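Here the structure comes first, spelled out in structure tokens, and everything after it is commentary.
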Amino acid sequence: MKEGTEMSENRYVGEYPAIGIRPIVDGRRGPMMLRESLEDQVSAMAQAAKKLFEENLTYSNGDPVRVVVADSSIGRVPESAACAEKFRKEGVAITLSVTPCWCYGSETMDMDPKTIKAVWGFNGTERPGAVYLASVLATHAQKGLPAFGIYGHEVQDRDDVTRIPEDVKEKLLRFGRAAVAAATMRGKSYLQIGSVTMGIGGSIMDQSFMEEYLGLRVESVDEVEILRRMEEGIYDVDAYEKALAWTKEHCKEGRDDNPESVDFMGEKRRIRFTPEEKEKQWEFTIKMYCIIKDLMQGNPKLPAQFKEEMLGHNAIAAGFQGQRQWTDHWPNCDYPEAILNSSFDFTGKKEPMVFATENDVLNGIGMLFMELLTNRAQIFADVRTFWSPEATKRVTGYDLEGKAKENGGIIHLLNSGAACLDACGECRDEDGKPVMKKWWDVTDEDIRKMTDATVWCEAGFDNFRGGGFSSHFVTRAEMPATMIRLNLVKGLGPVLQIAEGWTVQLPDEVTDTLMERTNPTWPCTWFTPRCDGIPGSPFATAYDVMNNWGANHGAISYGHIGADLITLCSMLRIPVCLHNVPETEIFRPAAWNAFGMDKEGQDYRACSAYGPLYK
């Protein structure tokens with residue numbers, strides 16, 4: 001978080017996971033003072049790593065990561081044990097062992113099966129850390145305790161240990177980002193409000209997967225709990241009134257495409273809601289928003305007699321069923337979904353709260369992965385339609401240009417619900433380029449731009465008989481983006497797909513023409529993946545990416561973060577079945593190299609051999 005920025009509270013029970021630094025040293029003493037001659041060097045390595053992590057890594061609330069260094073260097077087993085005891089008390093979930101020299105591998109290694117591990121061996125010549133690195137990584141593999149190996153490309157002088165080379169920095173930070181994301185999930189909850197939506201497989205909860213692979217508890221609440229809290233006044237009235245006033249000021253109503261009435265079973269059936277009914281729908285959906293926040297994270301400001309409800313569910317992510325039993329009668333959840341996922345609400349900027357429309361838990365978990373890696377709001381969307389250059393030309397008269405042309409077309413990302421408003425592309429970075437900012441960098445001016453770019457359209461009666469309001473904006477910017485999908489496959493387990501690419505800005509009249517062929521009241525993002533043009537490749541063209549996509553939904557993040565996702569998935573033992581990340585950027589535990597020469601096959605075999613992290 002930037003200096004001078006107000007930090008957010010930790011909204012979860014318990015502390016965030018700490019990173020522990022283990023300075024490893026040659027334990028031999030005697031007349032030559034071998035150990036003593038190395039103490040300053042290994043201590044400097046540990047402090048350099050600590051500084052790198054603290055200055056570059058943050059928790060989801062914006063606080064810098066907490067880094068704990070062992071009280072002494074580690075040369076023999078008693079010092080390993082003392083370090084482990086300190087780390088246990090300090091809440092260390094991630095360890096980095098650092099050394100410039102040969103050490104006794106099995107005596108000094110991190111033996112805790114639950115920590116996420118890496119070893120950095122200094123590339124020097126006096127007492128090369130690479131020898132220890134290779135030895136201890138082999139021991140990690142032998143004992144079934146995978147660890148990431150970090151070794152710089154260039155030889156350094158022994159007094160240069162505080163200057164971390166760029167290639168080493170990249171691996172240290174990739175390991176750190178992914179490990180903090182993985183460890184942050186452990187012990188939290190996924191809250192499903194409702195259950196399976198319209199037969200969508202992604203909303204079929206697999207509690208074993210959530211517990212064993214992610215360390216997440218599953219909490220389930222019937223949707224009727226929202227009605228109970230409304231009727232019994234179990235919500236923060238002051239917050240509701242502020243949210244309602246803010247919404248009236250900043251959330252403009254858009255088009256209402258519903259007909260006044262239709263002929264149904266021999267009589268006129270009124271379809272369009274009156275202004276008075278719409279006003280009631282706004283009040284209802286804003287109460288929904290406040291209540292869902294309370295369900296996820298608790299609220300000590302609820303009426304005093306509702307102490308149980310004050311607790312919440314310690315949810316790091318959640319989802320809402322909605323269709324069809326709820327939305328056939330009550331206003332939909334599109335407003336709560338969109339604002340929960342955005343980087344702001346009526347209180348100002350806020351940490352996004354991952355919330356899956358249609359309770360697609362698998363897409364919600366994908367969003368969670370990327371929110372924890374980037375600290376940015378995430379997009380939930382249908383991977384809806386592929387438009388080839390030829391089809392786009394036939395329908396609109398427009399020739400696709402730039403990256404859309406280079407990669408063989410565009411994919412329409414469109415869904416009524418949980419696309420964050422940040423995806424409109426109106427915010428700018430320090431260089432004036434479109435960006436979806438880290439949530440703590442969002443300004444009041446950014447919030448104004450995002451709300452000005454969004455209208456809230458009356459829900460289509462064909463989908464939502466109970467009404468409600470769907471956000472509509474168009475992503476009018478070219479931004480780097482990564483689209484992913486987590487799937488469960490019987491007999492295989494979880495797998496992840498990754499497609500790096502860009503959002504595409506089309507001329508407004510082209511977007512309007514294409515949108516009128518689908519639902520023009522929903523948020524619209526055009527996406528083109530980075531393709532290779534190789535016949536038979538799943539990345540030959542944008543069409544091939546969509547044709548190989550594993551489900552109807554995708555989770556989309558700002559930035560090209562596929563390499564971080566691959567590292568995170570290796571920690572969680574989830575193989576990556578499709579990606580377009582350069583092979584030089586793939587960083588997995590060293591033990592993966594023992595499972596064959598092809599990177600994809602290695603990943604499948606290693607994940608199968610080691611199994612879920614928390615089983």
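Both backbone and side-chain heavy atoms feed into the values below; hydrogens, waters and symmetry mates do not. What you are looking at is a predicted structure, and each value in this text was computed from that prediction instead of being measured. FYI, the numbering just counts along the sequence from 1.
- Within the 4.5 Å cutoff, side-chain heavy atoms of Lys248 are placed close to those of Glu279.
- In this structure, Asp263 contributes its side chain and Lys268 its backbone to no donor-acceptor pair below 3.5 Å.
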Applying side-chain hydrogen bond (donor to acceptor under 3.5 Å, both in side chains), run through Ser416 and Asn332 and close with a yes or a no. CA-CA 10 Å; Ser416 72; Asn332 66 21; 5.5 Å; no
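- In the displayed structure, Lys278 atom NZ is contacted under 6.0 Å by more than 12 heavy atoms of other residues, nucleotides or ligands.
- When atom types are taken as modelled, the side chain of Ser60 and the backbone of Leu372 share no donor-acceptor pair closer than 3.5 angstrom.
- A donor-acceptor pair under 3.5 Å links the side-chain atoms of Lys252 to the main chain of Thr451, judged by distance alone.
- Judged by distance alone, the side chain of Gln497 and the main-chain N or O of Asn548 form a donor-acceptor pair under 3.5 Å.
- In this structure, the side chain of Glu277 engages the main chain of Thr274 through a donor-acceptor pair within 3.5 Å.
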CA sep, side-chain torsions, deciding dist, call: Trp526, His412, ring pair (Phe, Tyr, Trp, His ring centres under 6.0 Å): CA-CA 5 Å; Trp526 304 105; His412 199 183; 3.8 Å; yes
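- Around CG of Asp444, the count of heavy atoms belonging to other residues, nucleotides or ligands within 6.0 Å does not exceed 12.
- Thr482 places a side-chain N or O within 3.5 Å of a backbone atom of Ile561 that can act as its donor or acceptor partner.
- A donor-acceptor pair is defined here as one N or O able to donate and one able to accept, closer than 3.5 Å; such a pair exists between the side chain of Asn341 and the backbone of Phe355.
- Two residues are said to be in side-chain contact when any heavy atoms from C-beta on lie closer than 4.5 Å; Glu276 and Lys280 fail this criterion.
- In this structure, the side chain of Arg376 engages the main chain of Met436 through a donor-acceptor pair within 3.5 Å.
- Using modelled atom types, one side-chain atom of Ser203 and one backbone atom of Thr197 make a donor-acceptor pair closer than 3.5 Å.
- At least one donor-acceptor pair closer than 3.5 Å links the side chain of Glu223 to the backbone N or O of Gly322.
- Using the six-membered ring where Trp is involved, Tyr289 and Tyr335 have ring planes that are perpendicular, over 60° apart on the 30 and 60° scheme.
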